[in-house]
Structure formats: C-alpha cells, structure tokens
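Letters A, B, ... mirror the listed sequences (proteins, then strands); counts begin at 1.
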Amino acid sequence: MSGRRTRITEDEINELVSKLQSLLPEARRRAAGRASAAKLLKETCNYIKSLNREVDGLSDRLSGLIATMDSNSAEAEILRSFLRS
Amino acid sequence: MIPVDSPALDRSGITYTAIDLKRKRKRGESTAIQHPLSRWRTINQHRIYSSKLLDALRRVGRNDLPARSRGRAIRVAADRALAATARGGTQWSSAILSGRPIRLKNRRIRSAGGGRWKKPSGASKSCSKMPAVERKVKLLSRLVPGCRKLSLPSLLEEASDYISALEMQVRAMTTLAEVLSGAGGAPAPNRPELDSATLSPS
C-alpha cells in the first residue's frame, strides 16, 4: 500500500475492512465480534494462512493416494467420466 | 479470445467486455467483477476445477519424485489449476499462472523499499511507527499472490476472491481424496454444493 497516492480516510478503511467480516467463517466471525479494522485484517490473514495449511495437508494426502491410483488406472478413468458428465 | 468490442457472457450471467477489463487494469484496479461468494460455490466451478486437478495429479504421478517433494508438486499443480479455473480477471490468478516464486514460511522477506523491513514476516511485535492497520494491510498483501502494490479497495476485492477460491480448493481436494481413498465412492453428505449427479455414473 503506497503512501504516495491520495490518503484514504480512516472511515473509508473501516468501511472497506468491515466487509471482510462476511468472508470469515462463522466461528471466526463470532470471535471477531464488533472488531476494529486491525483485528479484522488480522483474522483475515489468519484465515488465509489456515486455508493454505489445509491445502498443503491435502496435497500431502493426495500425493500418497495418487501412488495407488497409478497402479489402478481403471479407477482414474471412472473418476474422469464422473467429472466429465 | 474475447473480441474487443463485444460483450462476453460468463456463467453467472454478468456481462463484461475486454475493454472494461483493460481499463480497470490500466487504472491498477482489481478486475474481479463477479461476486466471489457465488462465483466459487457453483457445482460447475467445482467440477471444472476437479477435472483440471485430476489431470494435474496424473501428470505429477508420472514423475518419479520422492514423497516429500511430491506433496509440494501437488500443491503447486493444484494452485495452477485453481488459477486456471479463475479464467482471468484477478491479480492473484495471473500471478500464480505467471509462475510466482514459491512462498516459503519462516524466511525473511526482502523489502522492496530499500531495507526498512529487516524482520521476518511472522513478527507480531514491531517497533515500527507504521500504524497497526497499515501493518496488517501489508501482511495481507503478502498473503494474496501478486497483490503487493494494489490500492486497499482492490486488495480487499482480490482477498475476497482468493479466499473463496481457496475454500473451493479445499472442498474439491477433500472430495477427491475421499473418492481416491475409496471411502464409499460418494461425496460426504454435508456438502450441499454437490448433488449426487456430480459423482454418480450417468
């Protein structure tokens, strides 16, 4: 975020950031409550990090599973046909 | 290719033209124009992504990689498939497709501003004079790919879309993992966005 552009007012920041609250899942939203812009931004960052961790975990899980998938490519073909329809 | 002067209709029914996108990009605005909450929750989007993901997985599976780097390779492939499913219009998806360097945790991030930031990105205490909100905005801009130089409104728009996309990625990868591990061959019942037609033979 550059300070060279027109300064956004604090109110505008708060308004924009409050929209982030609707993105957070229910549990995190409750924890944030009537939170400040800083708190909402922090919760948003935490949520993105946790989503990334989840995807990393799923990637590891899938890496184990595709090893077995290769030895049975008929299974993979069935999957493809499900997804194609 | 979208012709320059004719409207393109995407699946959610929103029309936009290539010129609009170009203008927005020139002004440095985010061009994410569909509402992220609905955009990433359609069955169709899930299906498109799952199909790309499966292709990517099979490509990774063909390479002889040690287990540790296979997981990493899948993450990269899954992200690229996600960005491809986004079909343009967002900074984060373009950044991923143009091959952003892999984000590594616990590494010092080099500052673009000539050495002001010497702290690792995970530091929560800071003696910097930057106000808390601005620090958090900076942190957010580093979490969403390709968004370090965006204005605040655009950054938030990108973050919204990115979050919704990540959520779909989690749903799709989870479903795929369950199917591949032979867990009944059907999606879990608490996934309302998938109907049985998605995964049962026609």
Visitor: Name all pairs fulfilling the ring-ring contact (aromatic ring centres under 6.0 Å, His included) condition that reach into residues 137-159 of chain B, sequence neighbours left out, sorted by first residue then second.
Guide: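 Output for this query is empty, none listed.
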
Visitor: Any idea which heavy atoms bring A/Leu65 and B/Ser181 closest together, and the distance?
Guide: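 Heavy atoms only, the tightest pair is CD2-CB, 3.8 Å.
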
Visitor: Walk me through whether A/Ser63 and B/Arg72 qualify under side chain to side chain contact (heavy atoms under 4.5 Å, CB included).
Guide: CA-CA 9 Å; A/Ser63 85; B/Arg72 186 70 233 174; over 6 Å; no

Visitor: So, B/Arg75 side chain and A/Asn52 main chain: donor-acceptor pair closer than 3.5 Å or not?
Guide: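 Confirmed, B/Arg75 side chain pairs with A/Asn52 backbone.
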
Visitor: Nearest heavy-atom pair of A/Leu41 and B/Val133: which atoms, and what distance?
Guide: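 Of all heavy-atom pairs spanning A/Leu41 and B/Val133, the closest is CD1-O, 3.8 Å.
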
Visitor: Tell me the closest heavy-atom pair linking A/Leu23 and B/Ser164, and the distance in Å.
Guide: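 Of all heavy-atom pairs spanning A/Leu23 and B/Ser164, the closest is CD2-OG, 4.4 Å.
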
Visitor: Tell me, side chain or backbone of A/Leu20 under 4.5 Å from chain B's heavy atoms, or both, or neither?
Guide: side chain

Visitor: Atom CD1 of A/Ile48 and atom CD of B/Glu167: how far apart are they, to the nearest 0.5 Å?
Guide: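 That separation rounds to 10.0 Å.
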
Visitor: Measure the spacing between OG1 of B/Thr174 and CD of A/Glu54 and express it to the nearest 0.5 Å.
Guide: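 Answer for the OG1-CD pair, B/Thr174 versus A/Glu54, is 6.0 Å.
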
Visitor: Verify side chain to side chain contact (heavy atoms under 4.5 Å, CB included) between A/Arg61 and B/Glu178, making sure each step is shown before the conclusion.
Guide: CA-CA 10 Å; A/Arg61 192 174 157 199; B/Glu178 282 170 8; 4.0 Å; yes

Visitor: Hey, could you give me each pair passing ring-ring contact (aromatic ring centres under 6.0 Å, His included) that has a residue in residues 37-67 of chain A? Not counting sequence neighbours.
Guide: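 Residue pairs with at least one partner in residues 37-67 of chain A: there are none.
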
Visitor: Determine, stepwise, if the pair B/Met173 / A/Ser59 fulfils side chain to side chain contact (heavy atoms under 4.5 Å, CB included).
Guide: CA-CA 8 Å; B/Met173 290 175 83; A/Ser59 301; 3.5 Å; yes

Visitor: When you look at B/Ile163 and A/Thr44, which way does the side chain to side chain contact (heavy atoms under 4.5 Å, CB included) test go after all the steps?
Guide: CA-CA 9 Å; B/Ile163 286 176; A/Thr44 305; 3.7 Å; yes

